[in-house]
There are 2 protein chains.
Amino acid sequence: MALQYDEIVRSGLSRQVADLIRAAILDGRLAVDERLPNEEELARRFGISRPTVREALKVLAAQNLIRSRRGPTGGNFVIRPEPEGVARAITDAATLLVGVGSFGSDEIVLARVETESLCCKLAAANRSDADLARMGEEIALQRQDGLTDEDFCASDVRFHRALVTATGNGPLRLMMYAVIESFIPITNMLIYREHERRRTADSHERIMMAIADREGDRAAALMRSHLDGLRSVLDTALERRAAAASARHSEGGDDR
Amino acid sequence: MALQYDEIVRSGLSRQVADLIRAAILDGRLAVDERLPNEEELARRFGISRPTVREALKVLAAQNLIRSRRGPTGGNFVIRPEPEGVARAITDAATLLVGVGSFGSDEIVLARVETESLCCKLAAANRSDADLARMGEEIALQRQDGLTDEDFCASDVRFHRALVTATGNGPLRLMMYAVIESFIPITNMLIYREHERRRTADSHERIMMAIADREGDRAAALMRSHLDGLRSVLDTALERRAAAASARHSEGGDDR
DNA sequence: GTTTATATATTTGTCAAACCTATTATTGTT
DNA sequence: AACAATAATAGGTTTGACAAATATATAAAC
């Protein structure tokens, strides 16, 4: 093998600094809530300028690893990663992937059917009364008159999230948020007519009842048919939308 | 309601600019592969300085929304979000959550057992011959002598990933990568003794066979017992580790 | 004429030294 | 003791410049 010319530094300085600090955070050399040296000091230690340090810090902040406060007691602090923040980041990313067409809607629906029916089983085993109450609230809301489509969709999402939460499993919940949320843009296309809303709320209630009765398999089966019903409605909606989109595109003029 | 004093600008300039550009990307006003105006031009348009613009751009780059190239044809470009990149980001975040103790190892194992046995069923239905071949390769590798612990673990991860890929479901694969990978730090603690390695490889093979035979339920059951076996090994390892950790912590000495 | 070297323009990357602003601790006054 | 002015600290922003990378055009060599 030829001489290994001591790994050329091809990445930028700010990138390197960000990587160094990130590594320090990830392997615990920088503890949660610990304060980094101030920016000037960091610049001096790394032998680079403050703007470059700041670019690195901004990157870390964007990755939810640090946050900064001003003032005497301020500085850049390592923050404790919370599932909520991570869930939001995952959701955003997943939504983007869906939006750009990386996944087909059929794939998404299938993933959702399978994972949510799984959640039903776990929820039946582990649900608390508070979980049931949360689901019940949303069902009641879904039966109110005069709800906008957005409100109905939002309540639908909250119901499914409550169901996932009822599994009592953190990692699963993290994953499921992404699946459920990234499904929203598609779900929002549906026009929920009156009787479809009622059917949806009824499905939700049957699922909730089964979970309340600790009958996981029944709940899972109900969820399957619920989402399958949704899929058929979705298919027709997608066709309508595709037709509309192709018509829209021909007026055209994409930029570059 | 009191007067809504036209939302005070409390967030920093770079934050605002990042939000504006991100919004433009997410709702399609900036298309994939489109080039943003150069940094000087952006600074002029937003009425701020270039370093501030750069901080905003760095944030977007950290979120995998843009990438930058130097030179005449260079600039900052909107990039197509790829599942791979998103999966890596999710994995990193999930790993961090695990590392900081947001999730218990029992939760993680349960999530993994349930989701992977689900994947077995789907894989049995959808697997291609190429998928089987990939799994077979890893099993063969796992039976080789002289493998380091790291190599064995890596092969284990690749086997499970191949299994997930065999489901043919993109969103599911995205989720599962996070579960499997974030499990690594825990898995790596195990010392795979010779006969445990053999048992693992045997389990893998039985699972693969069931999937090859399109027998999803059998594959799922095998996966369950495989991971349950892992769990019992893990429990004893965790106890050993907890004891070691409490001993280690008392010697202290972090940097600053 | 084709290839190779060189110059040049463009754009991101980095630097330096300031100044601005939010936040807190201190100090002094009432 | 309570409160207001003040100073100190550290992040936020600006300005203007130079360095490095890279594509393109141009000139030289074969």
Side-chain angles (χ1 to χ4, degrees), chain A residues 5-22 24-25 30 32-79 256, chain B residues 5-22 24-25 30 32-79 256:
Chain A
Y5 287 105
D6 206 344
E7 32 176 318
I8 303 172
V9 180
R10 286 204 74 71
S11 59
L13 292 179
S14 70
R15 166 76 174 277
Q16 293 179 57
V17 170
D19 288 345
L20 284 173
I21 298 177
R22 184 184 313 107
I25 294 174
L30 288 171
V32 168
D33 283 335
E34 185 169 345
R35 185 188 134 172
L36 310 189
N38 69 36
E39 299 178 350
E40 209 173 350
E41 172 69 20
L42 281 174
R44 209 173 323 123
R45 288 210 206 164
F46 286 113
I48 61 178
S49 68
R50 189 151 90 92
T52 305
V53 167
R54 282 181 57 77
E55 285 182 6
L57 293 176
K58 281 285 175 185
V59 167
L60 297 176
Q63 294 170 340
N64 277 303
L65 291 170
I66 65 172
R67 83 181 215 279
S68 59
R69 278 202 316 267
R70 292 208 265 204
T73 63
N76 291 283
F77 297 86
V78 178
I79 58 180
R256 39 167 305 108
Chain B
Y5 289 102
D6 204 345
E7 27 177 320
I8 303 172
V9 182
R10 284 204 77 69
S11 57
L13 293 180
S14 69
R15 168 76 175 279
Q16 292 179 57
V17 170
D19 288 345
L20 285 172
I21 299 177
R22 182 181 18 251
I25 294 174
L30 287 171
V32 168
D33 284 336
E34 185 169 347
R35 188 190 130 169
L36 309 189
N38 68 36
E39 297 177 352
E40 207 173 353
E41 171 70 19
L42 281 174
R44 211 175 317 126
R45 287 208 205 163
F46 285 113
I48 62 178
S49 67
R50 190 155 88 92
T52 305
V53 167
R54 282 183 57 79
E55 286 182 7
L57 294 176
K58 281 287 178 186
V59 167
L60 297 176
Q63 293 170 339
N64 276 303
L65 290 170
I66 65 171
R67 81 181 214 279
S68 59
R69 277 203 314 267
R70 292 208 265 207
T73 62
N76 291 282
F77 297 86
V78 178
I79 58 180
R256 38 166 305 105

Nearest-angstrom distance from the residue atom [atom1] of [X] to [atom2] of [N]:
| X | N | atom1 | atom2 | result |
| --- | --- | --- | --- | --- |
| A:Leu42 | D:dA10 | CG | P | 12 Å |
| B:Asn76 | C:dT12 | CG | P | 5 Å |
| B:Gln16 | D:dT13 | CD | C1' | 13 Å |
| B:Phe46 | D:dT14 | CZ | C1' | 17 Å |
| A:Leu36 | D:dG11 | CG | C1' | 13 Å |
| B:Phe77 | C:dT11 | CZ | C1' | 10 Å |
| A:Arg15 | D:dA21 | CZ | P | 16 Å |
| A:Glu40 | D:dA8 | CD | P | 16 Å |

What nucleotide, of [options], holds the atom closest to the side chain of [X]?
| X | options | result |
| --- | --- | --- |
| A:Thr73 | C:dT12, C:dT24, C:dT14 | C:dT24 |
| A:Asn38 | C:dT11, D:dG11, C:dA16 | D:dG11 |
| A:Pro72 | C:dT24, D:dT22, D:dA10 | C:dT24 |
| A:Arg70 | D:dT15, D:dG12, C:dG13 | D:dG12 |

List in chain and number order the residues that pass side chain to side chain donor-acceptor pair (under 3.5 Å) with B:Ser49, two or more places apart in sequence or in another chain; answer none if no residue qualifies.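 With neighbours one apart ignored, the set is B:Thr52.
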Is the CZ atom of B:Arg15 crowded by more than 12 outside heavy atoms at less than 6.0 Å?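 It does not: B:Arg15 CZ has 12 such atoms or fewer within range.
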Neighbour count above 12 (heavy atom, 6.0 Å) for A:Glu41 CD: yes
Is B:Thr52 close enough to D:dT14 that one of its side-chain N or O atoms is under 4.0 Å from OP1 or OP2 there?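 Yes.
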Going by the side-chain contact (heavy atoms from CB on, under 4.5 Å) test, name the single residue among A:Val53, A:Leu36, A:Val59, A:Leu65 that passes it with A:Ile21.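 Only one of A:Val53, A:Leu36, A:Val59, A:Leu65 forms a side-chain contact (heavy atoms from CB on, under 4.5 Å) with A:Ile21, namely A:Leu36.
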Interface residues of residues 53-69 of chain A with DNA chain D (non-hydrogen, below 4.0 angstrom):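 A:Arg54, A:Ser68, A:Arg69, in order of number.
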Which residue, A:Arg54, A:Arg44, A:Arg45, forms the salt bridge (Lys or Arg N to Asp or Glu O under 4.0 Å) with A:Glu39?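 For A:Glu39, the salt bridge (Lys or Arg N to Asp or Glu O under 4.0 Å) test succeeds with only one of A:Arg54, A:Arg44, A:Arg45, which is A:Arg54.
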Using modelled atom types only, decide if a donor and an acceptor are shared between the side chain of B:Arg35 and the backbone of B:Gly74 within a distance under 3.5 Å. yes
Would you state whether a donor and an acceptor, one from the side chain of A:Arg50 and one from the base of D:dG12, lie under 3.5 Å apart?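 Looking at the base of D:dG12, it does pair with a donor or acceptor on the side chain of A:Arg50 (distance under 3.5 Å).
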To the nearest 0.5 Å, atom CD1 of B:Ile66 lies from atom NZ of B:Lys58 at 9.0 Å
Mapping A:Gly71 and A:Pro51 onto DNA chain C by nearest heavy atom, which one lands closer to the 5' end? A:Pro51
